[in-house]
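Quick notes on the structure that follows.
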Amino acid sequence: MYDINKIREDFPILSREVYGKPLVYLDNAATTQKPLCVLDAMRDEYLNVNANVHRGVHYLSQQATDLHEAAREKVRQFINAKKIEEIVFTRGTTEAINLVASSFCESQMKAGDEVLVTEMEHHSNIVSWQLQAQRLGIVVKHLPITDDGRLVGCNDITAYITPRTKLISIAHVSNVLGTINPVEDIIKIAHEHGIPVLVDGAQSAPHMKIDVQAMDCDFFAFSGHKMYGPTGIGVLYGKEEWLEKLPPYQGGGEMIDKVTWEKTTFERLPFKFEAGTPDYVATHGLAKAIDYMTSVGFDFIEAHEKELTRYCMEQLQTIDGMHIYGPVVNGSPVDNKDAVVSFNVGDIHHLDMGTLLDRLGIAVRTGHHCAQPLMDRLGISGTVRASFALYNTKEEIDALVAGIRRVSQMF
Ligand SMILES: Cc1ncc(COP(=O)(O)O)c(C=O)c1O
């Protein structure tokens, strides 16, 4: 059973106070809190195991390597990848996308070729491609969205595909709108045109069961810190056939086979893409976070977070001047809406709302959420964003709603 009080005990930070008020942490799309099992495992590794991985013959190094590689296998199972060779550890989603942008554009694209993203992307899935556009003369195009924050109908997507489209890169879930994009449909259409697809899973991996084989994406990127794991660790999944084709992203230790002044050959997958000492303690922490989520269960996580989203939207709409962004039908979240609710109230500036909510102990995010082109599309400078995790409660949403009412009355 989903015993929320028991779950909250696993996250001691949730019982702290700020400004003398109980903390209400609703900034989970930015980063989640970490359960004790993750913190304990990482502390234990530093205390009892710590040694650099892969290179050592000694006991500690081998033990650290075993933990690190066990984490890779854990990630493989978590997203149902075929092989561990397809799991590349990165610093996070941003680095994973930059890796593909750099290696794919350089090896597979020519000036004038196109990458197609969407109008609701996080900057990491825009600027990474723009940097390559500056370097190589490729073109970054975007799929438009509807006023209520959905992608244009899937069939229309073909209208944006040209013979020069070489890659499609899309968010699985929008970090602002909560829209769950129909990635399977898009991937099917893309593959009919021979185009690979990268899915930015930063906002989906924490909330739903991911199966990269069923999805059939070519690349999938996500961050550990948004799913109860440590900061500084993330994952790039890539189909083996693609990773084999791409050149290394960075040079250094760990990623080579043989180095001479004349020629360097590279390690096998996935090490070819992992230059330098990896954050092997963080990979172990990530494995523990996956264990934690699995033990709670995705059925429970999904049902609980959907109910929180529904309840939040229902309650927010009782407030005068409330404007919620993203897919809504008759005031309720639709099925393609995840644990993120972005809103503004009347003409109260989002920053004022966030700052005053903070004084009441309520942590929300304000601003453009690293999605300025989306803000331009919506004709706003920013929103207030409440985002949920498996440990949030309806009482916390009541506190948010009461807080917004109080702030609204001050204006
Ligand atoms: C949809 C999306 N993509 C990418 C990122 C970047 O993630 P990170 O900063 O962990 O690399 C975020 C972070 O908020 C995100 O929400």
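In listed order, ligands and their atoms are each counted from 1.
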Discussion item. Once you restrict to heavy atoms under 4.0 Å, what part of Lys226 touches ligand 1? Side chain, backbone, both or neither.
Written reply: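 It is the side chain that touches ligand 1; the backbone stays farther off.
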Discussion item. Below a 4.0 angstrom heavy-atom separation, can you tell me which part of Ala171, side chain or backbone, both or neither, approaches ligand 1?
Written reply: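 For Ala171, no heavy atom sits under 4.0 Å from ligand 1.
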Discussion item. So if I apply the salt bridge (charged side-chain N to carboxylate O under 4.0 Å, His left out) rule between Lys394 and each of Glu305, Glu307, Glu314, which one comes out positive?
Written reply: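 Exactly one candidate clears the test, Glu307.
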Considering the heavy atoms of [X], write down every atom of ligand 1 situated less than 4.0 Å from one of them.
{"X": "Ser124", "answer": "3 (N), 4 (C), 5 (C), 6 (C)"}
{"X": "Thr94", "answer": "6 (C), 7 (O), 8 (P), 9 (O), 11 (O)"}
{"X": "Asn175", "answer": "16 (O)"}
{"X": "Gln203", "answer": "1 (C), 14 (O), 15 (C), 16 (O)"}
{"X": "Ser223", "answer": "7 (O), 8 (P), 10 (O), 11 (O)"}

Which donor-acceptor pairs under 3.5 Å do side chains of residues 135-145 form with protein atoms, sequence neighbours excluded?
from   : atom 1 : to     : atom 2 : distance (Å)
Arg135 : NE     : Gln132 : OE1    : 3.0
Arg135 : NH2    : Gln132 : OE1    : 3.0
Lys141 : NZ     : Glu114 : OE2    : 3.3

Worksheet item: Can you find a non-hydrogen atom of Glu95 under 4.0 Å from ligand 1?
Response: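 No, Glu95 has no heavy atom closer than 4.0 Å to ligand 1.
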Contacts table for residues 74-82: side-chain donor-acceptor under 3.5 angstrom, sequence neighbours left out:
from  : atom 1 : to     : atom 2 : distance (Å)
Lys74 : NZ     : Asp291 : OD1    : 2.8
Arg76 : NE     : Glu73  : OE1    : 2.9
Arg76 : NE     : Glu73  : OE2    : 3.4
Arg76 : NH1    : Ala81  : O      : 2.8
Arg76 : NH2    : Glu73  : OE2    : 3.0
Gln77 : NE2    : Glu73  : OE2    : 2.7
Asn80 : ND2    : Asp211 : OD1    : 3.0
Asn80 : ND2    : Asp211 : OD2    : 3.2

Discussion item. Considering non-hydrogen atoms of the protein only, which is the closest contact for atom 1 (C) of ligand 1, and what is the distance?
Written reply: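 So the nearest neighbour among protein heavy atoms is Asp200 OD2, 3.4 Å.
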